[in-house]
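Here the structure comes first, spelled out in structure tokens, and everything after it is commentary.
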Amino acid sequence: MVKEPVREFVETSSWARGLTPTQTERVLHDVSARAYSKGATVCVRLTPSHEWLGVVEGMLKVETITVTGNAVTFAGVPAGSWLGEGAVLKGEPRPYNVIAMRDSLVAFVPRSTFIWLLEESHPFALWLIQQLNARLGYYVALVQSYRLNDTTAQVAFCLAVLFNEELYPTPRRRLSISQEEIGRLSGLSRQIANQALRELHERGIIQVGYGSIEVVDLPALHRLAHGASER
DNA sequence: TCATTAAGCGTTG
DNA sequence: CAACGCTTAATGA
């Protein structure tokens, strides 16, 4: 059986709500956890996807390295969320590296358990469909944001996603993240990210702290992120 | 030409 | 010590 924080994390995860006690019991039996320090690699690209990952504490990011050695960050994954369903489902190697952005505790559910859940539990299957659908919607919106919006709106989009409850179910107002990482996540330089954050602050949408960002007006952030550049 | 970026460096929390 | 602000040279639309 696993340690307390991991047990609680699994039991309070949204997908666990629809499980029978027996099913939950098996997941708790099979799940493992490991701590990673900041900057450590959790999963290596092109290695087999044996596990489904949950972020118990801290924050992870998903990235690839280009041939020239530049990192392209695809997503930041704050505590409370699960990732890697796609690769586990397909039984294919990891398409990306997973890196710890801060000191993090990560839970691992074996692929066999994941597949078993999918076959045994109708609620779990439904949850998974909704999860994948949310991801799909996110990427469609991301392309739209990238093509239509100015840089400030792109940063707004990036933040709106990080604070989006459907994608990342643990609600929070403040997030510890550097401006450099915001830049990486939104595909912009540190300078532009900083400029955008200042503008968002001036509009009263966020508060910027040292190495952290707090959302003051989430609806406004959402509007800015999705609105077709109104002013 | 003008905007944006990476890199370096001094300052600060 | 990491995050931030600022400067500068390179890059590119």
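The model shown is predicted, which means the values in this text are computed figures rather than measured ones. First the proteins, then the strands, lettered A, B, ... as listed; each starts at 1.
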Q. What is the distance from CZ of A:R198 to P of C:dC6, rounded to the nearest Å?
A. 6 Å

Q: Nearest whole angstrom, please: distance from the P of C:dG5 to the CD of A:E180.
A: 13 Å

(Q) For the CD1 atom of A:I213 and the CD atom of A:Q179, what is their distance to the nearest 0.5 Å? (A) 6.5 Å

Q: Could you check whether A:G187 gets within reach of a base, just the sugar-phosphate, or nothing at all, counting any heavy atom under 4.0 Å?
A: nothing

Q) Roughly how many Å is it from CZ in A:R102 to P in C:dA3, rounded to a whole number? A) 11 Å

Q | Gap between atom CD of A:E63 and atom CD1 of A:I99 - 0.5 Å precision | A | 4.5 Å

(Q) For a quick test of reading the model: is some side-chain N or O of A:N194 closer than 4.0 Å to OP1 or OP2 of C:dC4? (A) no

Q | Nearest-angstrom distance from the residue atom CD of A:E181 to P of C:dC4 | A | 10 Å

Q. Side chains of A:N194 and A:R198: is there a donor and an acceptor less than 3.5 Å apart?
A. yes

Q. CG of A:L197 versus C1' of C:dA3: gap in Å, rounded?
A. 13 Å

Q | Nearest-nucleotide 5' precedence on DNA chain B, A:Y210 against A:Q191 | A | A:Q191

Q) Does the side chain of A:R190 get closer than 4.0 angstrom to OP1 or OP2 of C:dA3 through an N or O atom? A) no

**Q.** Integer-rounded Å distance: B:dT5 P and A:Q154 CD
**A.** 10 Å

Q: Rounded to the nearest angstrom, tell me the gap between atom CZ in A:R184 and atom P in B:dT5.
A: 14 Å

(Q) Can you tell me which nucleotide in C:dA2, C:dC4, B:dT5 comes closest to the side chain of A:K38? (A) C:dA2

Q. How long is the line joining CD1 of A:I192 and P of C:dC6, in whole Å?
A. 14 Å

Q) Can you check whether A:W15 and A:F114 have ring centres sitting under 6.0 Å from each other? A) no

